[in-house]
Amino acid sequence: MTIRVRMAPSPTGPIHVGNVHTALFNWLWARREGGQFILRFEDTDQERSKPEWEQVIYDDLKWLGLDWDEGPDIGGPYAPYRQMARLDMYREYANRLLESGHVYKCYCTKEEEDEDRKEFQAQNKPYQYKGRCRNLTPEQQAAFEAEGRQHVLRFNVPRGRMVGFNDLVRGPIEFPTDSIGDFIIMRSNGIPLYNFAVVVDDATMEITHILRGEGHISNTPVQLLIYAALGLQVPNIGHVGHMTNEERGKLSKRKGEAAVHDYREQGYLPEALMNFMAFLGWTPPGGENGEEFLTVEELKAKFDITRVTKAPSIFDKPKLNWMNGMYIRRKTTEEFAELALPFVVASGLTTEEEARANWDWFKAVVKEVQERVVTLAEVPQHIDFFLKDDLAMEDGAAGKFLTEAVKPFFRQVIEGLKTVEWDVPAIEKMIRGHMEALQLKPKESIQPIRVAITGRTASPGLFEIVYLIGRERTIRRMAKYC
RNA sequence: GGCGCUAUCGUCUAGAGGCCUAGGACACCACCCUUUCAAGGUGGACACACGGGUUCGAAUCCCGUUAGCGUCACCA
């Protein structure tokens, strides 16, 4: 039997990295086993779901390299893959539960429930539905109907029992049903609630394994009750530890650390993000000798559910940075230039047309910073002095390096620059010649030139940047200081 | 608060009772390389939350404590 796993986001915003983290495990597992990975939209929250988000989610998922075998966009044998298109199905299953007596019509108003809630709160007890409508007679129901009251469908939770399952990553977990109140499966408007819709969907889509975030552990007993009442086979269920911020809290949307899209904009490479997240809560066998640099293909070949860890993990940005830098350095210059281009254009330093018109030069420029940047978004600030002439001067740099003493040296170099053959070795030879003649140390010669032509004290190799900035512009920039 | 989950270096983790004097990676520190900054190389510091058991022997098994997190919605 092949496995069928799924990812089921809500189209209420851009896709979250936490969502992708568990989706990644599901996807790798499906690919490893030759099973199916299904995409389904859970859009029963009419307030927050917006169809526009669906396209945004597809885009980010594709950017990451994820693909799905069935989904709202491509269809499949278990269509539709959007919950709002499956309402008839939920109603049918809900009716079965009503007929079998597992659920009952509840006519309680919001106000009545709020009062109950306060009552429990006052006694410092966890709120549970009091069961006012649990045993209504047909006459009482008719009376409520006559009043024009709407009803929801509530599950009649059995008392004094245990429900449990064998978690794929955590082992046996049990809950007393007494800790669960009679929950609602159908709203008064006929739209199902999450816990009911997922069960119907996972069962009818024949999902074999559900691997989801640990936040769902407490939903599991509720869903188990529904599976049992419906007489459906329960899939294998497992819960993966969450990814958290440094403070072990939630990844913040506001700080731009939650959405996949944020990382994309910050110049992270999808393969780095995927590789990094794959190692949060999982290690391949033989992890003791430290191979953490795995391509997606390698991950697909090695993923093993039994090696998923239980504890939550901190999304450690410094490690992501390191990994992203590694991936950047592994790109060819051509690839790196293509990846960096949109960021450079967005910074306003050049236009795409201009860069492409001078493509070899542009490539040579970005090549100089390829092993110095951690993200693509850092490229512009490292290469601005190649692309513009009005340079900002780093604080204190001019006073420290562009002194009176350096002027004679500058004048000699400028003269040399006028006639030197324009290649890096010749430029280096000429400048070093003047350094020796005047017996100057690098910090009295190379460093001042660097400051004069870049406006700062740190840059790629001096002779390479002189070559790339060009004869005229280098001379002009140096001439300002002598 | 009830219920539930979790607990090895700062971080991600290896570890399935003796192989552990606890291994690797990121970060950190030092040194090397070097025109600066990176990259690279070498080395270093750093952990089994606590308390009880079980056992000849426990990071590994059991119990408790503590801490963190999740959940108790006509959200998902």
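For the numbers below, each heavy atom of this structure counts, side chains included, while hydrogens, waters and symmetry mates do not. Here the structure is a predicted model, which means the values were calculated and not measured. Per chain, numbering begins at 1; letters A, B, ... match sequence-line order.
In this model, a side-chain donor or acceptor of A:Arg450 finds a partner on the base of B:U35 within 3.5 Å. Donor-acceptor pairing under 3.5 Å, judged by distance alone, is present between the side chain of A:Asn219 and the base of B:A76. A donor N or O paired with an acceptor N or O is found under 3.5 Å between the base of B:C37 and the side-chain atoms of A:Arg372. For A:Lys310 against B:A7, a side-chain-to-base donor-acceptor contact under 3.5 Å is absent.
The shortest distance between the side-chain N/O atoms of A:Arg187 and the OP1/OP2 oxygens of B:A76 is below 4.0 Å. Proximity of A:Thr283 to the phosphate of B:A14: a side-chain N or O atom is located under 4.0 Å from OP1 or OP2.
A:Arg330 has no carboxylate O lying under 4.0 Å from a charged side-chain N of A:Glu271, or vice versa, which leaves the two without a salt bridge. Salt-bridge annotation for A:Arg149 and A:Glu112: present, with a side-chain N of the basic residue lying under 4.0 Å from a carboxylate O of the acidic one.
Ranking B:U11, B:C75, B:G4 by closeness to the A:Pro176 side chain, first place goes to B:G4. Minimum atom distance to the side chain of A:Phe175 is reached by B:G4, of the listed B:U36, B:A73, B:G4. Comparing B:G4, B:G1, B:A25 against the side chain of A:Glu292 picks out B:A25 as the nearest. Closest approach to the A:Ala311 side chain among B:U6, B:A76, B:C12 is made by B:U6 (side chain taken as heavy atoms from C-beta onward).
Nucleotide B:G70 holds its C1' atom 9 Å from the NZ atom of A:Lys250, rounded to whole Å.
Comparing the same atom, P, in B:A39 and in B:C29 gives a spacing of 12 Å after rounding to whole Å. Rounded to a whole angstrom, the distance from the C1' atom of B:G51 to that of B:A58 is 15 Å.
Both A:Phe463 and A:Ser179 lie close to RNA chain B; mapped to their nearest nucleotides by heavy-atom distance, the more 5′-ward contact belongs to A:Ser179.
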